[in-house]
Number of protein chains: 2
Amino acid sequence: MRTYNSDMDSKAENIEKLTTFAKAMGHPTRMEILAFLLEQNTCYFGDIHEVFPNAKATISQHLKELKSAGLIQGEIEGPKVKYCINKENWELARLLFADFFKSNVKTKCC
Amino acid sequence: MRTYNSDMDSKAENIEKLTTFAKAMGHPTRMEILAFLLEQNTCYFGDIHEVFPNAKATISQHLKELKSAGLIQGEIEGPKVKYCINKENWELARLLFADFFKSNVKTKCC
DNA sequence: AATAATGTTCGTATTTTTGCGAACATATAA
DNA sequence: TTATATGTTCGCAAAAATACGAACATTATT
């Protein structure tokens, strides 16, 4: 079945997802982490950690939030942990933000 | 003079602006307010307030934050206050988010 | 097995955000 | 002028986010 959601529902869902993405992106360190991951190929926790002035616990927590928002993913590799952008959701975020901001703003108001 | 900022600087500035926009968008009520403003022509405070279950003070505060982030603008009209999307910054946000998410994600990692 | 390296989780302190009633400010109406 | 309508600001309480050291778990190395 693929006819369950009405347009209204999926619109509300999209706003919810956008809120989740935006919230995760609403912190300087987390945005910097995303920017860092975008320009790296290797991205072990340690590589990320050594770029920031924060404690391990703090970075780990930010990564956890980015992950739970779906923007990144992690993979255990030996004793290390490899992080990277979550491609699928990255594309989803791209689409949702683009759609949200493209909306023709009414010329009337203000 | 228009040659002051290096690419690095403006990149950092862009991330900062993105963080500001994202933070403002990272709350359900504020996202709903934006969505509401996008589909309205008239947008007095009262019109917005009556759509949400929150107290006037709460809505007023959310509007204040959206405004200080640059996403909306307000205009006093008689005893009422008219709110709407800030077109210039809306376009800026559209560009910044699009640019951020378009980044070709490396195929290597994860 | 013992040690070292790498991250996560726990507990906690601090700060920030959120939400709201009450008081206030301003403009219109009576 | 007095009253009414419309929002904002203030002050405070509750909740959530942030940051970090210490303890813990897991894997690799000796």
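Per chain, numbering begins at 1; letters A, B, ... match sequence-line order.
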**Q.** Side-chain N,O (B:Thr58) to OP1/OP2 (C:dC20) below 4.0 Å
**A.** yes
Q: Would you indicate which nucleotide in C:dC20, D:dC20, D:dT8 comes nearest to any side-chain atom of B:Asn54?
A: C:dC20
Q) Once you round it to whole Å, what is the distance between P of D:dA17 and CD1 of A:Ile59? A) 18 Å
Q: Return the value, rounded to whole Å, for the distance between atom NZ of B:Lys82 and atom C1' of C:dA27.
A: 17 Å
Q | Which nucleotide in D:dT8, C:dT18, C:dG7 has an atom nearest any side-chain atom of B:Gln61 | A | C:dT18
Q: Indicate, with a heavy-atom threshold strictly under 4.0 Å, whether A:Lys56 touches base, sugar-phosphate, or nothing.
A: base
(Q) Any base atoms under 4.0 Å from A:His27, or only sugar-phosphate, or nothing? Heavy atoms, all strands. (A) sugar-phosphate
Q. CZ of A:Phe45 versus P of D:dT26: gap in Å, rounded?
A. 17 Å
Q: Nearest whole angstrom, please: distance from the P of D:dC20 to the CZ of A:Phe52.
A: 13 Å
**Q.** Whether over 12 other heavy atoms sit under 6.0 Å from A:Glu91 CD
**A.** yes
Q. What is the distance from NE2 of B:His62 to C1' of D:dT9, rounded to the nearest Å?
A. 16 Å
Q.
Go nucleotide by nucleotide along DNA chain C from the 5' end; which of B:Thr29 and A:Lys80 gets its closest nucleotide reached first?
A. A:Lys80
Q.
Would you say CD of B:Glu39 has more than 12 non-hydrogen atoms from neighbouring residues, nucleotides or ligands within 6.0 angstrom?
A. yes
Q | Sugar-phosphate, base or nothing in reach of B:Ala55, heavy atoms under 4.0 Å | A | sugar-phosphate
Q) Any chance CD1 of B:Ile76 has more than 12 other-residue heavy atoms, nucleotides or ligands included, within less than 6.0 Å? A) no
(Q) Among A:Leu71, A:Leu63, A:Ile72, exactly one meets side chain to side chain contact (heavy atoms under 4.5 Å, CB included) together with A:Ile33. Which residue is that? (A) A:Leu63
Q.
In whole Å, I'd like the distance from the CD1 atom of B:Ile48 to the C1' atom of D:dT8.
A. 14 Å
Q | Out of C:dC10, C:dT6, D:dT18, whichever nucleotide has its closest atom nearest the side chain of A:Arg30 | A | D:dT18
**Q.** Phosphate-side-chain proximity, A:Ser60 and C:dG7, N/O vs OP1/OP2 below 4.0 Å
**A.** no
Q: Ignoring backbone atoms, establish whether B:His49 has a side-chain N or O less than 4.0 Å from OP1 or OP2 of D:dT6.
A: no
Q | A:Tyr83 vs C:dT8: side-chain N/O to OP1/OP2 distance below 4.0 Å | A | yes
Q. Just to confirm, is there a sub-4.0 Å distance from OP1 or OP2 of D:dA16 to any side-chain nitrogen or oxygen of A:Lys23?
A. no
Q. With a 4.0 Å cut-off on heavy atoms, is B:Glu65 in touch with a base, just the backbone sugar-phosphate, or nothing at all?
A. sugar-phosphate
Q. Taking atom P of D:dA17 as reference, at what distance in whole Å does atom CE of A:Met25 sit?
A. 17 Å
(Q) To the nearest 0.5 Å, what is the distance between NZ on A:Lys102 and CZ on A:Phe97? (A) 14.5 Å
**Q.** For atom CD1 of B:Ile76 and atom C1' of D:dA5, their distance in whole Å
**A.** 15 Å
Q: Taking the side chain as every heavy atom from C-beta outward, state whether A:Leu37 and A:Ile48 have any pair of such atoms under 4.5 Å apart.
A: yes
